[in-house]
**Q** 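I am attaching a structure below and will ask some questions about it afterwards.
Side-chain atoms are counted along with the backbone in the values below, which use heavy atoms only and exclude waters and symmetry mates. Each ligand, and each atom within it, is numbered from 1 in the order the structure gives.
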Amino acid sequence: MSAPADLAGAGDEWWRSAVVYQVYPRSFADSDGDGIGDLNGITGHLDHLAGLGIDVIWLSPVYPSPQDDNGYDISDYRDIEPTFGTLADFDRLLTGVHERGMKLVMDLVVNHTSDEHPWFVESRSSGDNPKRDWYWWRPPRDGGVAGRSGGEPTNWESFFSGPAWEYDDQTGEYYLHLFTRKQPDLNWENPQVRRAVYDVMTWWLDRGVDGFRMDVINMISKDLRAGALPDGIARDGRVLGDGAPHYTDGPRVHEFMAEMHREVFAPRGSTYLRVAETPGVTTDHAVLYTDPERGEVDMVFQFEHVNIDHGVTKWDVAPLDLVALKASMDRWQRALATTGWNSLYWDNHDQPRVVSRFGDDGRFRVESAKLLATVLHLHRGTPYVYQGEELAMANVGYTSIDQLRDVESLNFFAHAVAEGADPEQVMAGIRAMGRDNARTPMQWDASQHAGFTTGSPWIEANPDHVEVNAAAQVDDPASVYHHYRRLIALRHDDPVVVHGDFTMLAPEHPALYAFTRTLEGVTLLVVANFSRAELALDHADLPDLADAPLVLGNYDSEVEPGTALRPWEARVLRSASSGSAVPSAS
Ligand code: TEU
C-alpha cells in the first residue's frame, strides 16, 4: 500500500487516478542553512512524499527571480534561482522523483514576466524597440496627467492593490501589470511572444518534466474587441475599477490554448499533466478548457469554493456557510460530470490553512483535518495536497505587520491604512486570509525552526510545530499523515473513487456534508459532521446504512452503523451489490 500508483497502466488520462502534492520551495526544506528552502532540501525529503503515496509533485516557481512575488516574477525561464540551487540540482531532483515512480510538473508563469527579464528590459528601452509590443504599453489617458492618479490608460485595479498601470517616464508611456509593478503582463496578441513561450515549455519537457501548472493562464487574452482596452466598473465612488471582465477568459484565450497544445504537446505523443489556474472561470469555460476533444488542458483550478467566505473583498471574512459551499461544490461536480475534469483543493500557497478556515484548529484539529481531507478527496476530480496539509498545519495568528512577508498583504495593509482603515481591523483580515499563513516553514520536527533550517528562516515557523510535525506523525497510525495515506490508497485501489458518479445529499443541511459515488453497482457513501455537536444520521436523503461496512473513518473507535456522528466525524461506507470486492483502507 501507499506507493505511488503505477500510472503507466492508466493510459493517456493517468491524471484521473493521480494525487498531486504541491511543494512551495521557499518553505519546504533548506539544505544549506541560508534560511530559504531549496532543491536539495526537496530531494532530501522525497521519501516523505513517496511514503504518502502521492503520484505527482507540483513545484511552485524555482526560476531566477527578484522574488518580488516569491518567484511568480521570473527573470529567466531556462535556469534555476541560485538561492534554490542549480540545473544540476534540478536534474538530480527530477531523477529522484522518477526513480520513486512519481512525476514532477513545473509552474509556468507566462501571463507576465519580471520587469528584470531581458524581454522587458529591451521592451522598455525605447518606443520602437522590436520587443516593445511584447508587453502592453499605452499613452496616458486623454485628459489625464501622466504619472498622476487618473492618468492611467484604464481604471483597472491590480490584484495587489493600486492601479494596474505603471508610468515609465523613460518613454512617457504606461505598462500594464495585473499583479505587482515588477510583473508586467506579456502581450499574447503578439505571435513572437507565444512562440517564445512555447519554446520555453518545450525546453523543460525535453529536460524530462511531466507537465505544467499554468499560472493565471485565463488572463492572457485581453479584450480588444472595442479597439481600446475598456475601463472596469468602479464601485461606490472608487477611482479604480474591476478590469477582470476584460481579461478573464478573454476572446482569444481558447485559440491560444489550442495553439499551445498543437505547438507544444501534440508533437510529443506521450501525455503530460496540464492544469490551468483560472481565477474567475465559469463552468462553461471550464468545460471548454478541459474537454479532451479540444485538447487545451486536463483540469482547471476554479476559485468559487475558496472565495465562499469572502465579503466584499477577501479581507472581510464571513463565517463558513456550509450550504453555500455544498451548492458550489455540487455545481462544479455536475458541470464537469460528463465532459472535462475538476481539480480538487482546499489549500495552496495563496490560501489560508483550511483546518483554521473551514475546520477547527483547536480541540478538534485532528478530526476536522481528517474530515476535510475525506470530503475533498472523495469528490470526482484530481486531489491536490499542499505541503503541510497532510500534517494539519494551521494558520499562525499574525498580530503584527512585521511578521509578514507577502507583497499582497503588505500592499493591502499600506493602501487600506492610507485610506483611513483601522490597522487592527486590517490585521484581522490578514490574520484570517493572508497568504503567509500557507508559507511558513514545513514542520518536519519539534526542533528550532521546525527542522526546516539550521539558519534563520526567511519567515518564522508556526510555534505550534512543537506538537504538529512530520516526525510526530509518520510513526503514529492515528495521525493525519496516515489518514492521507489511506485516502490516497483508496483512490489508487478503488475505481469508484476515480470514476464514480457524484450525488450530493441533504444539500440544505447546515452541518451535514453527505454525498455518494456510484459505479457499476458499487456505492460509496460519505457522511461528515462539520460541527462540534453530535449529529443524528436521520436525514431523509441518507440511504439505509445498516449493512454498509465502514471503509474509512476519522475516529479510532468504530461505532454501530447509523449511530449519530460525533463532533467533526466523517465516515465512508461502501455498499456493493453482491460479488463486487470491498477494498479495505486499513
Ligand atoms: O495567483 C493568482 C491569483 O488568483 C491570486 O493572486 C489570488 O488572487 C490571490 O492570491 C488570492 O488572494 C497566481 C499565483 O498562484 C500567485 O501566487 C501569484 O501571486 C499570482 O498568480 C501572480 O503570479
**Q** Could you give me the CA-CA distance, side-chain angles and deciding distance for D350 and K314, then say whether salt bridge (charged side-chain N to carboxylate O under 4.0 Å, His left out) is met?
**A** CA-CA 12 Å; D350 291 334; K314 70 176 263 181; over 6 Å; no

**Q** Between F159 and Y247, what is the ring plane arrangement, given parallel below 30°, perpendicular above 60°, and tilted in between?
**A**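 Ring orientation, 0 to 90° scale: tilted.
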
**Q** Considering only heavy atoms of H349, which atoms of ligand 1 have at least one such atom less than 4.0 Å away?
**A**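 In order of number, 14 (C), 15 (O), 16 (C), 17 (O).
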
**Q** Looking at atom 18 (C) of ligand 1, what's its closest protein heavy atom, distance included?
**A**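 Result: D69 OD2, 3.2 Å.
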
**Q** Using a 4.0 Å cutoff against the non-hydrogen atoms of P279, which atoms of ligand 1 qualify?
**A**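 Numbered from 1, ligand 1 contributes 4 (O).
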
**Q** Under a 4.0 angstrom heavy-atom cut-off, which atoms of ligand 1 come close to F159?
**A** 8 (O)

**Q** Distance to 0.1 Å, residue and atom name: give those for the protein heavy atom nearest to atom 3 (C) of ligand 1.
**A** E277 OE2, 3.8 Å

**Q** Quick one: closest heavy-atom pair of H305 and Y345, and the distance?
**A** NE2-O, 2.7 Å

**Q** Centroid separation under 6.0 Å, is that true for the rings of H254 and H285?
**A**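 Distance test on ring centres: under 6.0 Å, yes.
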
**Q** Does the residue R213 have a heavy-atom contact with ligand 1, meaning some pair of atoms that are separated by less than 4.0 Å?
**A** yes

**Q** So for Q351, does at least one of its heavy atoms come nearer than 4.0 angstrom to any atom of ligand 1?
**A**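 Q351 does not count as a contact of ligand 1 under the 4.0 Å cut-off.
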
**Q** Only heavy atoms count here, so choose which of V216, D68, D350 is nearest to atom 16 (C) of ligand 1.
**A** D350

**Q** Which residue supplies the protein heavy atom nearest to atom 10 (O) of ligand 1, what is that atom called, and how far is it?
**A** R435 NH1, 3.1 Å

**Q** What protein heavy atom is closest to atom 13 (C) of ligand 1, reported as residue, atom name and distance in Å?
**A**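 Result for atom 13 (C) of ligand 1: D215 OD1, 2.8 Å.
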
**Q** Near H112, which atoms of ligand 1 are under 4.0 Å from a heavy atom of that residue?
**A**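 Matching atoms, with element in brackets: 22 (C), 23 (O).
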
**Q** Give a yes or no on whether a salt bridge exists between R195 and E263, defined as a side-chain N under 4.0 angstrom from a carboxylate O.
**A**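 Result for this pair is yes, salt bridge flagged.
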
**Q** How far is atom 20 (C) of ligand 1 from its nearest protein heavy atom, and which residue and atom name does that atom have?
**A**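 Looking only at protein heavy atoms, the one closest to atom 20 (C) of ligand 1 is F179 CE2, 3.8 Å.
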
**Q** Angle class for the W165/W156 ring planes (parallel below 30°, perpendicular above 60°, tilted otherwise)?
**A**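 Tilted: the ring planes of W165 and W156 meet at 30° to 60°.
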
**Q** At less than 4.0 angstrom from any non-hydrogen atom of K314, what atoms of ligand 1 do you find?
**A**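 This gives 11 (C), 12 (O) as the contact atoms.
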
**Q** Taking 4.0 angstrom as the limit and counting only heavy atoms of E408, give me the atoms of ligand 1 inside it, by number and element.
**A** 9 (C), 10 (O), 11 (C), 12 (O)

**Q** Looking at I233, I'd like to know if its CD1 atom is crowded, meaning that more than 12 non-hydrogen atoms belonging to other residues, nucleotides or ligands lie closer than 6.0 Å.
**A**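 No, because the 6.0 Å sphere around CD1 of I233 holds 12 heavy atoms or fewer from other groups.
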
**Q** Does atom 22 (C) of ligand 1 have any protein heavy atom closer than 4.0 Å?
**A** yes

**Q** Using only heavy-atom distances, determine whether the side chains of N40 and T43 contain a donor-acceptor pair under 3.5 Å.
**A**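 Looking only at side-chain atoms, T43 and N40 do not form any donor-acceptor pair under 3.5 Å.
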
**Q** Ignoring hydrogens, what is the shortest heavy-atom contact between N437 and N395? Give both atom names and the distance.
**A** CB-OD1, 3.3 Å

**Q** With no hydrogens and no angle check, do the side chains of Q403 and S400 hold a donor and an acceptor under 3.5 Å apart?
**A**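 No, S400 and Q403 have no side-chain donor paired with an acceptor closer than 3.5 Å.
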
**Q** Would R357 and D309 satisfy salt bridge (charged side-chain N to carboxylate O under 4.0 Å, His left out), going step by step from the backbone distance to the final call?
**A** CA-CA 9 Å; R357 186 183 192 181; D309 54 356; 2.8 Å; yes

**Q** What part of W315, side chain from CB on, backbone N/CA/C/O, both or neither, has a heavy atom under 4.0 Å from ligand 1?
**A** neither

**Q** Within ligand 1, which atoms have a heavy atom of F303 less than 4.0 Å away?
**A** 4 (O)

